[in-house]
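First up is the structure itself, then whatever we jot down about it.
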Protein chains: 2
Amino acid sequence: MADEVGRDPEAVSKFVESFAAQLVEAGMQRMPARVFAALLSSDEGVMSSAELGEQLRISPAAVSGAVRYLTMTHMVSREREPGSRRERYRVHGDQWYEALTNREALIKRWEGALREGVSSLGADTPAGRRMAETLAFFEFVEGEVAAMMERWRAHRRQLFGGEG
Amino acid sequence: MADEVGRDPEAVSKFVESFAAQLVEAGMQRMPARVFAALLSSDEGVMSSAELGEQLRISPAAVSGAVRYLTMTHMVSREREPGSRRERYRVHGDQWYEALTNREALIKRWEGALREGVSSLGADTPAGRRMAETLAFFEFVEGEVAAMMERWRAHRRQLFGGEG
DNA sequence: CGCTTCTTTCAGAAATTTGTGAAGTTAAGG
DNA sequence: CCTTAACTTCACAAATTTCTGAAAGAAGCG
């Protein structure tokens with residue numbers, strides 16, 4: 001496996017850590033953030049568990065935990081080369097930020113909590129009305145996001161061409 | 001100060017805690033989340049420091065810290081009745097979720113980190129191209145969100161009328 | 001101008017979260 | 001079927017975060 005020479009490992013590491021820090025500040029846990037940033041900055045967008053552990057100086061256990069989170073949120077997918085027990089993790093380049101905007105499940109739960117609030121506090125009370133409005137906002141956003149992503153794909157095609 | 005009878009305090013508290021839990025899961029700290037949920041479920045959308053402390057069973061210090069966070073993120077504003085040293089905190093009903101979508105500063109920093117990544121890894125490398133695309137996505141979203149909020153306001157007017 | 005009431009700051013105790021080593025599990029290859 | 005390489009799970013130590021009581025800091029009111 002030829003190392004990609006021409007890449008300054010220190011520059012890569014610097015980017016990885018600084019981008020991970022931004023993700024952490026946005027609420028992501030540290031290890032998932034670092035693993036994700038490492039994948040994002042790898043040339044192929046693919047790394048093995050061992051490579052991740054080595055570059056980030058973390059234990060296999062930490063890699064495992066981070067990857068579990070990242071795959072559950074669909075920011076990363078796992079692959080296996082046929083006839084190997086080496087797992088490979090891939091960031092899909094145009095899927096991960098779609099996953100980012102895709103807080104569907106989260107929004108659904110907010111909506112659930114708000115609906116309960118409206119009915120338990122009373123739809124005819126000021127607080128109930130405030131919650132009903134908030135609920136309407138989330139429902140609105142839910143629809144808009146889908147349309148926005150459609151426009152993005154068109155825009156992207158225009159900027160980068162059909163495949164990326 | 002007449003207690004609002006007709007409101008079941010237990011139902012209110014149940015909503016407050018369950019909505020706060022959702023906010024926590026989305027990355028907000030516990031105390032800000034609880035304080036915010038309490039305000040949201042109050043009839044006038046306004047509560048004093050003492051009322052918050054009493055309902056949530058937390059110290060004045062905790063209220064202070066939570067409110068500091070909430071005002072910094074523009075989810076809550078502080079008021080003072082003239083001629084009183086009692087602070088009052090208000091959730092604006094149609095401002096707070098605008099603040100929620102308004103991750104302007106956050107997105108700007110992500111963009112900064114990505115720009116650095118593109119230039120330090122090389123715009124002509126696969127990784128550099130992946131980051132450039134991600135950057136383009138954020139720039140796109142930034143513009144779209146503003147337009148979306150404009151549409152929301154129109155939609156809202158249609159649903160609830162001009163003032164709320 | 002001092003008293004009183006409310007808010008903020010701060011140090012530290014308590015609780016939670018995080019990452020590791022070690023043991024356990026799965027599956028490829030002989 | 002056994003060996004071995006790789007990933008995962010688990011208990012615990014360490015680090016971090018969170019919330020409180022106490023003291024300090026503002027600001028109305030007499």
Side-chain angles (χ1 to χ4, degrees), chain A residues 1 13 16-17 20-39 42 46-73 75-91, chain B residues 1 13 16-17 20-39 42 46-73 75-91:
Chain A
M1 156 201 340
S13 175
V16 167
E17 297 306 328
Q22 302 302 325
L23 294 172
V24 167
E25 234 175 299
M28 197 185 293
Q29 291 162 342
R30 185 187 316 279
M31 285 295 132
R34 296 180 71 210
V35 166
F36 181 75
L39 280 168
S42 72
V46 180
M47 290 176 82
S48 71
S49 193
E51 290 170 328
L52 286 166
E54 189 187 355
Q55 181 179 340
L56 301 173
R57 304 306 205 81
I58 58 180
S59 70
V63 174
S64 175
V67 158
R68 174 163 43 152
Y69 174 87
L70 291 170
T71 53
M72 278 194 348
T73 56
M75 293 178 67
V76 160
S77 59
R78 57 204 322 158
E79 308 174 345
R80 194 158 222 164
E81 312 175 72
S84 161
R85 67 217 98 162
R86 211 164 202 149
E87 207 95 46
R88 288 155 61 84
Y89 307 105
R90 156 164 276 138
V91 57
Chain B
M1 158 206 336
S13 175
V16 166
E17 297 306 329
Q22 302 301 326
L23 294 172
V24 167
E25 234 175 299
M28 197 185 293
Q29 293 160 341
R30 184 186 315 280
M31 284 294 131
R34 296 181 70 210
V35 165
F36 181 75
L39 279 168
S42 72
V46 179
M47 291 176 82
S48 71
S49 192
E51 289 169 329
L52 286 166
E54 189 188 355
Q55 181 179 341
L56 301 173
R57 304 307 206 78
I58 58 180
S59 70
V63 175
S64 174
V67 157
R68 175 165 41 156
Y69 174 87
L70 291 170
T71 53
M72 278 195 347
T73 56
M75 292 179 67
V76 159
S77 59
R78 56 205 320 157
E79 307 175 344
R80 195 158 221 164
E81 311 176 72
S84 160
R85 68 218 94 164
R86 210 162 203 153
E87 207 95 47
R88 288 155 60 84
Y89 307 106
R90 155 164 277 138
V91 57

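Just so we're on the same page: letters track the sequence lines, and every chain starts at 1.
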Output the rounded distance in Å from [atom1] ([X]) to [atom2] ([N]).
{"X": "A/E87", "N": "C/dT26", "atom1": "CD", "atom2": "C1'", "result": "11 Å"}
{"X": "B/R68", "N": "D/dC19", "atom1": "CZ", "atom2": "C1'", "result": "13 Å"}
{"X": "B/M31", "N": "C/dA15", "atom1": "CE", "atom2": "P", "result": "14 Å"}
{"X": "B/E54", "N": "C/dC6", "atom1": "CD", "atom2": "P", "result": "13 Å"}
{"X": "A/R34", "N": "C/dT18", "atom1": "CZ", "atom2": "C1'", "result": "13 Å"}
{"X": "B/E79", "N": "C/dC6", "atom1": "CD", "atom2": "C1'", "result": "17 Å"}
{"X": "B/E81", "N": "C/dT7", "atom1": "CD", "atom2": "P", "result": "11 Å"}

Give [X] one of three labels, base, sugar-phosphate or nothing, depending on what nucleic acid heavy atoms sit under 4.0 Å from its own.
{"X": "A/G83", "value": "sugar-phosphate"}
{"X": "A/R88", "value": "nothing"}
{"X": "B/R57", "value": "sugar-phosphate"}

Phosphate OP1/OP2 of [N] contacted by [X] side-chain N/O (<4.0 Å):
{"X": "B/R85", "N": "D/dG28", "answer": "no"}
{"X": "B/Q29", "N": "D/dT17", "answer": "no"}
{"X": "B/S49", "N": "C/dT7", "answer": "yes"}
{"X": "A/R30", "N": "C/dT18", "answer": "no"}

Checklist line | Pairing of B/R86 and B/E81 as salt bridge, 4.0 angstrom limit | finding: no
Checklist line | Any side-chain heavy-atom pair of A/Q29 and A/Y69 under 4.5 Å | finding: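 They are in contact (side-chain heavy atoms under 4.5 Å apart), so the answer is yes.
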Next item on the list: Check whether any side-chain N or O of A/Q55 sits under 3.5 Å from a backbone N or O of A/L52 as a donor-acceptor pair, and report yes or no.
Entry: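 Side chain of A/Q55 to backbone of A/L52, a donor-acceptor pair under 3.5 Å: no, none is there.
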Notebook entry, point to check: Which residue, A/V63 or B/R80, contacts DNA chain C at a nucleotide closer to its 5' end, judged by nearest heavy atom?
Noted result: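 Its nearest nucleotide lies further toward 5', so the answer is B/R80.
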